[in-house]
Each structure stands twice: as C-alpha cells, then as structure tokens.
Amino acid sequence: ILELYDNFFRNAFPRVADRLGIVFTPVPVVDYILRSADAALRLEFGKSLSDEGVSILEPFVGTGTFVTRLLQSGLIKPEDLHRKYTQELFANEIVLLSYYIAAINIETVFAEEASRHGIEHGYVPFGGIALTDTFQLNESDGQIDSSQFFPENSERVKRQKNAPIQVIVMNPPYSAGQTSANDNNQNQAYPVLDASIAATYVHGSAATNSANLYDSYVRSIRWASNRIKHDGVIAFVSNGSFIDANTADGIRKTFAGEFSRIFVYNLRGNQRTSGELSRKEGGKIFGSGSRTQVAVCILIKNTACTGSAQIQYRDI
C-alpha cells in the first residue's frame, strides 16, 4: 500500500508532494524512535508508553506507519491496547488520501492485534485521527474548512487540543518551500508559530540569515516543543542540519535551555557534497526522498530538572 501510494502521489501530484515534504519513514527508524520514546519515559519519569495517562501524538501521520508499528511493537500491553487506541492515541494528516489510508491501516492493525491476544471488540473506528494542518492548530481551530460537511472532524480536533499530550513521535515534513521565485509553490505562513520561532531560534542566533529557521522541519520541532507543556518526550527523525549548521546555533542554544536531556543520533547521509566527503557521509536512509543529512533526536522535558540539558551525541 505504501509503495503504491508513494509512487502514485509523487507522479500524480509532484508539486503537492514537494511543498508538503512528503517522504515515508523506513520501518527500522520508526521502531527505533518508538522504543527510544518508551526508554526515555522510563528513564526520566518511571512510566511507559503503555501506562494510563500517557497520551501520544503523531502530528504528521502520513499513511500511519508510526501508529501501526506502535500497536504491533509489544510496547503497549494487551490489557492497555483498547484504552490507548480509543483514548490516548492521536494523529494528524493534511492530505485527504493519506488520511483515509492511515485510518484504514490503523483500524486494521488494531483489529488484528486485539484478535491476536484473544480480545474481540468488533470494528472500532480510530477516533484519534484528524484531517488537519498541524501547524494551524494554534493559529485558529486547525480546520481545513470542513466543519459543515465533516463535523466529527471538528470534534476530533477539539479533543486532541484538550488532551494532555506527553509524547510526540514524528518524521516532520522537510520542505523548505519554493526552489525559485517562479514555481508558485511557497509554504504557507503561520504567524503565531513563526513568532515563536523568532522569539527562540532566531533570537538566540548570531547568524544574519534566519530564512532557514522557518523550514517545515524546524517549524515542526518548534510546534512540538510548544505542545509538550510540562513533562514529556519528543522523538523524531529529521533533517540533521540543526546539529552543526551556522544558522542553527539558535536552535541548539534553545534546546539546551528548554530540555533537560537530549539524545542526538547523527545518521549523516549529506549527498550535497562530492568525492571523498560524500563517500564518508554514507548512504541515504530515505533513498531518493532526501539528500540532506539525517538525524534521530530525543528531546526530554523534565520540569524537576534545573540548569542546562545533558546532551548525549552519537555520530556514525
């Protein structure tokens, strides 16, 4: 399904795919992120992804890989599966076709997992998924102007906004917007979110050019950091240029102030280099989907900790 979707979407709607930065996450990376989020919860808070009260959000769900792998991973105990699925699991998607595929995938996997453990609930729709632009959630009501013919979606958005999210797992969109002034493919403006970036990542930077700090992946990290209000974990794979880019010094400085512990796994793969340097950077974990360096990052916010973050870094 994912391969069919990816090939279809890239060929049928290449400009949309480019603008939204659509690229699908390799399953081993998804599994690593989910297990890392669980390990981080245990390390800092003595909790697990399975525990009651631990609400999980995937803000850019695509076709549902993060949520389906979570349900299949064994990280959720069989006795907690129904509660987690119906009350504490949330996902957003902006592309209608992806939204439908994700819902079907997640609902099918839940039914399979419940049945495998001898629990029969019948068909249970996944009420945690919303058709919405995640970046819009704090700008307005997050709706894609569908409330009149899709009222249940409005309720899902409201329920998610009121939920005490503790864990965010994601592969954020990586698009930086248009490649030339003529392609009419600009990213949308988000005044509230961008003001938050200006007050943190831009304010803390010594660089003169801050344009890259409004890339989609940076917006995603800023949005997630704002969404985890108190204690929680953000685990993601993204463009890794925040690790060493001169223009990202404000991101690094902000991370050290906002989070108590940070794990960074630099997977490299920067193919915008050549010769020996390109060879040393290694292969691309997203195939042709991305030519930038890639990193997995776990950000832990623990209000009981004071001072700067503990930073643990691994380079391949």
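Residues: numbered from 1 along the sequence shown. Nothing here was measured: the structure is a model prediction, and the numbers come from that model.
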[X] vs [Y] side-chain heavy atoms within contact, under 4.5 Å:
X	Y	result
Lys84	Val54	yes
Met170	Ile234	yes
Val218	Asn212	no

Would you say the side-chain atoms of Asn105 and Thr68 include a donor-acceptor pair closer than 3.5 Å? no
Charged N to carboxylate O below 4.0 Å: is that the case for Asp38 and Arg35? no
Among residues at least two apart in sequence or on other chains, which ones pass side chain to side chain donor-acceptor pair (under 3.5 Å) with Glu112? none
Apply the test salt bridge (Lys or Arg N to Asp or Glu O under 4.0 Å) to residues Arg252 and Asp249: give CA-CA distance (whole Å), side-chain angles for both, the deciding distance (0.1 Å), then the verdict. CA-CA 5 Å; Arg252 296 189 289 272; Asp249 59 334; 5.4 Å; no
Could you give all pairs that pass the salt bridge (charged side-chain N to carboxylate O under 4.0 Å, His left out) test and reach residues 46-64, with sequence neighbours left out? none
Without swapping roles, check the side chain of [X] against the backbone of [Y] for a donor-acceptor pair under 3.5 Å.
X	Y	answer
Ser73	Leu70	yes
Ser225	Ile221	yes
Asp215	Tyr217	no

Give a yes or no on whether [X] atom [atom1] has more than 12 heavy-atom contacts from other residues, nucleotides or ligands under 6.0 Å away.
X	atom1	result
Asp244	CG	yes
Arg159	CZ	yes
Lys77	NZ	no
His203	NE2	no

Could you walk me through whether Gln160 and Asn92 pass side-chain contact (heavy atoms from CB on, under 4.5 Å), step by step? CA-CA 9 Å; Gln160 183 192 126; Asn92 295 335; 2.5 Å; yes
Candidate list Asp315, Asn266, Ile251, test side-chain contact (heavy atoms from CB on, under 4.5 Å), partner Ile243, passing option: Asn266
Residues in side chain to side chain contact (heavy atoms under 4.5 Å, CB included) with Thr254, at least two apart? Thr200, Tyr201, Arg222, Glu258
Parallel, tilted or perpendicular: which one describes the rings of Tyr190 and Phe135, with boundaries at 30° and 60°? perpendicular
